[in-house]
Peer 1: 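Pasting a structure below so you can have a look.
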Amino acid sequence: VTGTYCRRMKTSDVPAVKELISKAVADEKVQFIHEDFEKEDWLNAYDPEYFADVTEHYHAYLMFEDKTDALVASGYIKLNDDGKSAYIGMLFTDPAYRHLKLGTKMLEILENDPYALETKKIVLDSSMSAYRFYQKMGYKLPNDEFEMMKDDIGYAITLEKNL
C-alpha cells in the first residue's frame with residue numbers, strides 16, 4: 001500500500017462497509033471470546049437502523065487505499081451519555097491489508113476526533129485477537145479486572161484509555 005486517505009462515512013458507503021466487516025469477521029485469525037459466539041448473528045446486527053445511527057449521530061471514518069480506492073479500514077467514535085467518555089466502535093481492517101499499521105492510523109484518527117478531545121476517557125470493546133493491539137495502544141482493563149461484556153450479539157473485553 002503506497003498511501004491511504006480518510007474521510008467521513010456517508011449513507012451511500014453502507015454496502016461497502018458491510019462487506020468490509022464481513023471480510024474482517026470471516027478471517028480465521030479473528031478470535032472471539034466465547035464458543036457460543038455466532039458470527040452470522042453478529043453480522044446481522046449491522047442492519048440499516050444501526051448504520052443510520054452511525055452515519056447520523058457518530059463520527060464515522062473510512063480509510064481507502066490511494067491507487068485503487070479500496071475500502072481498507074473503518075471506525076467510529078461517539079460520545080457516551082455520561083458526557084465524560086467516548087466509545088470507539090466498528091474498528092475493522094480488511095484482512096488483505098493487515099499488518100500495515102492501518103488500524104493504528106484509524107485509531108489515532110478516532111482518538112484525535114473532537115468527541116475524544118471533549119472527554120477524559122475512551123472506552124471500546126475488543127475481541128481476543130485484537131486485545132494485544134489495543135494494549136499496545138494504551139488501552140487497559142477497567143480497574144485491572146478482566147470482564148467479559150455480553151450483549152444480545154456476543155462477548156467482548158471492555159477496555160479503556162484515560163486521556
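Below, each value reflects all heavy atoms present in this structure, side chains not excepted, and no hydrogens, waters or symmetry copies.
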Peer 1: Report the distance from atom OH of Tyr87 to atom OH of Tyr76, rounding to the nearest 0.5 Å.
Peer 2: 5.0 Å

Peer 1: How far apart are the C-alpha atoms of Met9 and Tyr58, what are their side-chain angles, what is the distance that settles it, and do they pass the side chain to side chain contact (heavy atoms under 4.5 Å, CB included) test?
Peer 2: CA-CA 10 Å; Met9 182 178 159; Tyr58 309 164; over 6 Å; no

Peer 1: Looking at Lys10, is its backbone amide N or carbonyl O close enough to the side chain of Asp13 to form a donor-acceptor pair, meaning the two atoms are under 3.5 Å apart?
Peer 2: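 Present.
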
Peer 1: Can you name the closest pair of heavy atoms from Phe92 and Ala24 and give their distance?
Peer 2: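 Scanning both residues completely, I find the closest heavy atoms to be CD2-CB, 3.7 Å.
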
Peer 1: In the structure I gave you, are the side-chain heavy atoms of Val14 and Tyr46 within less than 4.5 Å of one another anywhere?
Peer 2: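 Of all side-chain heavy-atom pairs linking Tyr46 with Val14, none is under 4.5 Å.
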
Peer 1: Rounded to the nearest 0.5 Å, what separation is found between the CD atom of Glu111 and the CE atom of Met137?
Peer 2: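 One finds 5.5 Å between CD of Glu111 and CE of Met137.
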
Peer 1: Determine the sole option in Asn112, Asp113, Leu91, Thr119 for which the side-chain contact (heavy atoms from CB on, under 4.5 Å) test with Ile77 is passed.
Peer 2: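 Between Ile77 and the candidates, side-chain contact (heavy atoms from CB on, under 4.5 Å) is satisfied uniquely by Asp113.
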
Peer 1: Take a 6.0 Å sphere around CG of Asp81 and say whether it holds more than 12 heavy atoms from other residues, nucleotides or ligands.
Peer 2: no

Peer 1: Using every non-hydrogen atom in the two residues, find where Ala86 and Tyr115 come nearest and quote the distance to one decimal.
Peer 2: CB-O, 4.4 Å

Peer 1: Is the shortest side-chain heavy-atom distance between Phe51 and Met90 below 4.5 Å?
Peer 2: yes

Peer 1: Check this for me: Arg7, atom CZ, are more than 12 non-hydrogen atoms of other residues, nucleotides or ligands nearer than 6.0 Å?
Peer 2: yes

Peer 1: Mind checking the NZ-CE spacing from Lys101 to Met106? Nearest 0.5 Å is all I need.
Peer 2: 16.0 Å

Peer 1: Just do the side chain to side chain contact (heavy atoms under 4.5 Å, CB included) check on Tyr139 and Ile122 with the steps written out, would you?
Peer 2: CA-CA 9 Å; Tyr139 289 81; Ile122 295 176; 3.6 Å; yes

Peer 1: With rounding to the nearest 0.5 Å, note down the distance linking NZ in Lys105 to CG in Leu100.
Peer 2: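 Atom-to-atom, Lys105:NZ and Leu100:CG are 9.0 Å apart.
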
Peer 1: Supply the atom-to-atom distance Thr4 OG1 to Asp69 CG, rounded to the nearest 0.5 angstrom.
Peer 2: 11.5 Å

Peer 1: Examine distances only and state if a side-chain atom of Lys23 and a backbone atom of Ala96 form a donor-acceptor pair shorter than 3.5 Å.
Peer 2: no

Peer 1: Mind listing the closest non-hydrogen atom pair of Ala16 and Leu71 along with its distance?
Peer 2: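 For Ala16 and Leu71, the tightest heavy-atom pair comes out as O-CD2, 3.5 Å.
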
Peer 1: From the options Thr93, Asp94, Leu20, Val72, select the one residue that forms a side-chain contact (heavy atoms from CB on, under 4.5 Å) with Met63.
Peer 2: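 Output: one option passes, namely Val72.
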
Peer 1: Please determine whether side chain to side chain contact (heavy atoms under 4.5 Å, CB included) holds for the pair Leu141 and Leu159, giving the CA-CA distance in whole Å, both sets of side-chain angles, and the decisive distance to 0.1 Å.
Peer 2: CA-CA 5 Å; Leu141 296 166; Leu159 301 172; 3.6 Å; yes

Peer 1: Taking atom NZ of Lys121 and atom CG of Asn80, what is their separation to the nearest 0.5 Å?
Peer 2: 9.0 Å

Peer 1: Any link between Leu107 and Leu117 through a network of hydrophobic side chains (Ile, Leu, Val, Met, Phe, Trp, Tyr) touching at under 4.5 Å?
Peer 2: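 Different clusters: Leu107 never reaches Leu117 through Ile, Leu, Val, Met, Phe, Trp or Tyr contacts under 4.5 Å.
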
